[in-house]
Amino acid sequence: MMTIDELMQLIDKEIPLNKAESWDNVGLLIGDKNAEITNILTTLDCTIEVVEEALVKGYNTIICHHPLIFSSIKQIENKGYGAVIQLLIKHDMNLIALHTNLDAHHQGVSAMIADKLQLVNQTILVPNRRSMAKLQLFVPSSHVEQVKAALGEAGAGQVGNYSDCFFQVEGKGQFKPDENADPYTGQAGKLEVVEEIKLECVFDPQLRSQVEQALIKSHPYEEPAYDVYDFQVEDVFGTGIKAELKHPVQIGSWLKEVKSMLNIDSLRLIGSADQEIRTVGIIGGAGMNYMSAVQKTGVDVFLTGDIKYHEAHDLLMAGLTTVDIQHYSEVVMKDGLKALLESLGIQVTVISSSIDTNPFTLY
Ligand SMILES: [Zn+2]
């Protein structure tokens, strides 16, 4: 058995909620953290039919991609979205939304689409950047281990799954104390030369004050010499997926396969159908805000949804061959999320909803 709280902790470790965009609304939207999960139903959208499906199957937890509760709610009447919320609450159901935090994951929705298209060599298309800080300091050899231990304790020297990451090199430091100084070693007015270690490590800039405190406390000198500078690194989270076809193909013929592999009723090409392509950039849902970033990646073709008429002209002008695969192509996340949760060792059964929530009907 597993509680909602345990599930949320497992999710937050792998698909962190704080990786969601600031405008988004992810996490437990409706429910009780202490509730025991019977089974989980995954869906792209939480409609009344999806809730009814969960009720019939006896599942008390639904994980949706698009948040049912998004902008502020002024009343919950028994109609429209309010009726869905009421039905969930009436039956003690739990509703979890994993939206842009799932998009940002390297096995997220865009990767799930890339998997369906059997694309290889998948990497994040537009990686997030995150700030890091680097500390460089000088300490007499006698105290280097003491300083390292204190810095490690304060959270410095942590790189991914590795702790105690330091680099050090030996050298000579020199200083001349004046008459007001209280030097650890040496005398006023006399040049002192000491065997020192130059020590380097990185740390999360949010830990800056505790790292500096640890350094000052553990260092024997009255005035420890150190400097800190900020830099940016690529995060393992980001937007979209860059991937490759196993062999170059003519885009026109490939799109027929795309349609059947994604099980969509139509798609729209913006660009020439004769072009030979190999690299593909995918942003599930609506990815046009990333148009210039995608162009810089140099992919042969860009797959996304919700492209407007004038945006299509912009794409033609920019020479970025693009395919509108419909927002609903994200529906592959129903099975994709089931597989991702199962790979995390989840203790309950996960089933993908059989309800089609595509609001469009093709005529
Ligand atoms: Zn979407």
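Atoms within a ligand are numbered from 1 in the order they appear, just like the ligands themselves.
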Worked verdict on K134 versus E200 for salt bridge (Lys or Arg N to Asp or Glu O under 4.0 Å) = CA-CA 7 Å; K134 176 122 181 185; E200 289 181 33; 3.0 Å; yes

Taking the six-membered ring for Trp and the full ring for Phe, Tyr or His, determine whether the centres of F175 and Y221 are under 6.0 Å apart.
-> yes

Work out how many protein N, O or S atoms lie closer to the Zn ion (ligand 1) than 2.8 Å.
-> 3

For H327, enumerate each residue passing the ring pair (Phe, Tyr, Trp, His ring centres under 6.0 Å) test, keeping only those at least two apart in sequence or located in another chain.
-> H66

Give a yes or no on whether the ring-centroid distance for F138 and H219 is below 6.0 angstrom.
-> no

Identify every side-chain donor-acceptor pair in residues 28-41 under 3.5 Å, counting partners at least two apart or on other chains, and give the distances.
residue : atom : partner : partner atom : Å
D32     : OD1  : N34     : N            : 2.9
T38     : OG1  : G58     : O            : 3.1
T38     : OG1  : N60     : N            : 2.9
T38     : OG1  : N60     : OD1          : 3.1
N39     : OD1  : T349    : N            : 3.3
N39     : OD1  : T349    : OG1          : 3.4

Sequence neighbours excluded and cut-off under 3.5 Å, please list the side-chain donor-acceptor pairs for residues 208-216, or say none.
residue : atom : partner : partner atom : Å
R208    : NE   : E212    : OE2          : 2.9
Q210    : NE2  : A154    : O            : 3.2
E212    : OE1  : Y226    : OH           : 2.6

